[in-house]
Amino acid sequence: MRIVLLGAPGSGKGTQAQRLVQRFGLPQISTGDLLRSAVARGTGYGLAAKAAMDAGQLVADEIVLGIIRERLAEPDAARGYVLDGFPRNIAQARALAVMLKGIGQPLDAVVLFKVPYGEIVRRIAGRRSCPRCGAVYNIHDVAPGETLRCTVAPDHPPLAQRPDDNEATVAKRLTVYEQQTRPLIEHYESQGLLRSIDANAPTDMVTARLIGALVRPRPAAKKKRAEGKAVQKKPAKKKAAKKKTTKKQAAKPKATRKKSVKKKARARRSR
Ligand code: AP5
């Protein structure tokens, strides 16, 4: 399967992508993780991306598309993948469609994670991750007194907060989501690819909803709303006349018409 997980920062895309990796063995392709790794390694892509990431802005499309093109060409992506955090705007979505059309492997589904704003802010504020293996945790899930250490990496390093998880950058990332990423909802709805889930629930329940959404039959494509135009209602059809009056009947005055009907009925009875 080729799946896109769509949703605001902190809506749980990365957490659920990991679950799909464990369950179906599909690779998780997270542009955020790929960019953070490029920054850490000091590559050309990384150096170019760092300023935008620190400011909560989107990294330039050509950089992200370059990274995605390279990643999708790796052998493990041939069986399918979970795209997490990509595409992030209409231009990226169109470029992805062209890339996938070229190799005859279109997307199967786009799942939208719906989480209220307040919960998103709470989750991001509490997020901590392992600097070695990238495993994601949340301080709200840790019992009081428990130390924040990774349980996955062998040396159990202390967890760290992402540099872009500070209040000012989070506010910027949420604005960028509203302006540039939200339009993808209608974009994929119009292609019959979008499935939405209520992701404001415990992690296991969200996983069940995600898998449920993926096995549902493909939804019908929705028409795009015409931009800037009010939706015009079709004029109501006139009620069809109960009974058509023949030309001959119409020529006669109404009273005479009634009489002739009665006359005919009497004649039928006397027969
Ligand atoms: P990226 O790393 O993609 O960040 P994001 O989209 O902002 O998403 P997050 O990683 O913040 O959240 P998530 O939805 O994965 O939530 P998570 O599972 O961690 O991007 C970072 C930056 O890179 C961008 O700002 C941009 O600069 C750049 N970038 C990346 N992609 C780009 C692109 N395509 N184009 C241009 N620029 C790009 O969960 C969050 C927390 O909540 C965790 O602590 C988790 O434990 C917890 N949690 C998860 N699920 C639940 C639950 N059900 N209940 C309670 N807590 C939960």
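Just follow the structure's listing: the first ligand is 1, and inside any ligand the first atom is 1.
Residues Met1 and Leu20 are not in side-chain contact: their nearest non-hydrogen atoms beyond the backbone lie 4.5 Å or more apart. Using a 4.5 Å cut-off on side-chain heavy atoms (C-beta onward), Arg127 and Tyr137 make no contact. Side-chain contact between Val152 and Cys130 is absent, with no heavy atoms from C-beta onward closer than 4.5 Å.
When heavy-atom distances to ligand 1 are checked against a 4.0 Å cut-off, Val64 comes that close only through its side chain, counted from C-beta outward. Contact annotation for Asp33 and ligand 1: no heavy atom of the residue comes within less than 4.0 Å of the ligand. For Tyr137, every heavy-atom contact with ligand 1 shorter than 4.0 Å involves the backbone, none the side chain. Contact annotation: for Thr15 versus ligand 1, heavy atoms closer than 4.0 Å belong to both the backbone and the side chain.
In the candidate list Arg127, Arg123, Arg36, Arg127 is nearest to atom 9 (P) of ligand 1, counting heavy atoms. The residue among Lys13, Lys50, Arg162 with a heavy atom at the shortest distance from atom 4 (O) of ligand 1 is Arg162.
Test Leu6, Thr31, Ile29, Leu5 against Leu83 for side-chain contact (heavy atoms from CB on, under 4.5 Å) and you get one pass: Ile29.
Ligand 1 has an N or O atom lying under 3.5 Å from an N or O atom of Gly12, backbone or side chain. Checking only distances, Asp84 never comes within under 3.5 Å of ligand 1, N or O to N or O. Considering backbone and side-chain N/O of Gly85, one or more are found under 3.5 Å from N/O of ligand 1. Annotation: Gly14 places an N or O atom under 3.5 Å from an N or O atom of ligand 1; distance criterion only. Close N/O approach between Pro202 and ligand 1 is not found [any backbone or side-chain N/O within under 3.5 Å]. The N/O atoms of Arg128, backbone and side chain alike, include none that comes under 3.5 Å of an N/O atom in ligand 1. Residue Thr31 has at least one N or O atom closer than 3.5 Å to an N or O atom of ligand 1. By the 3.5 Å distance cut-off applied to N or O atoms, Arg173 is counted among the residues near ligand 1.
The Gln57 neighbourhood of ligand 1 comprises atoms 26 (C), 27 (O), with distances under 4.0 Å to a heavy atom of that residue. In the vicinity of Thr203, heavy-atom distances shorter than 4.0 Å reach the ligand 1 atoms 51 (C), 52 (C), 53 (N).
Using a cut-off of 4.0 Å between Lys/Arg side-chain N and Asp/Glu carboxylate O, Asp204 and Arg19 are scored as salt-bridged.
Among all protein heavy atoms, the one lying closest to atom 29 (N) of ligand 1 is Leu35 CD1, 3.5 Å. Regarding atom 37 (N) of ligand 1, its nearest protein heavy-atom neighbour is Val59 N, 3.0 Å. Taking atom 23 (O) of ligand 1 as the reference point, the nearest protein heavy-atom neighbour is Met53 CE, 3.5 Å. Looking from atom 47 (C) of ligand 1 to the surrounding protein, the closest heavy atom is Asn138 ND2, 3.7 Å. Looking only at heavy atoms of the protein, atom 43 (C) of ligand 1 is closest to Val136 CG1, 3.5 Å. Among all protein heavy atoms, the one lying closest to atom 20 (O) of ligand 1 is Arg88 NH2, 3.2 Å. With respect to atom 12 (O) of ligand 1, the closest heavy atom belonging to the protein is Gly10 N, 2.8 Å.
For the residue pair Ile124 and Arg173, the shortest heavy atom distance occurs at CD1-NH2, 4.3 Å. Closest non-hydrogen pair, Ala213 versus Ile197, comes out as CB-CG2, 3.7 Å. In terms of heavy-atom proximity, Gly12 sits nearest to Arg123 at N-NH1, 4.1 Å. Across all their heavy atoms, Met99 and Arg69 have their closest contact at CE-NH2, 3.9 Å.
At least one heavy atom of Ala201 sits less than 4.0 Å from an atom of ligand 1.
Under the 4.5 Å side-chain heavy-atom criterion for ILVMFWY residues, a single connected hydrophobic cluster contains both Leu96 and Leu184.
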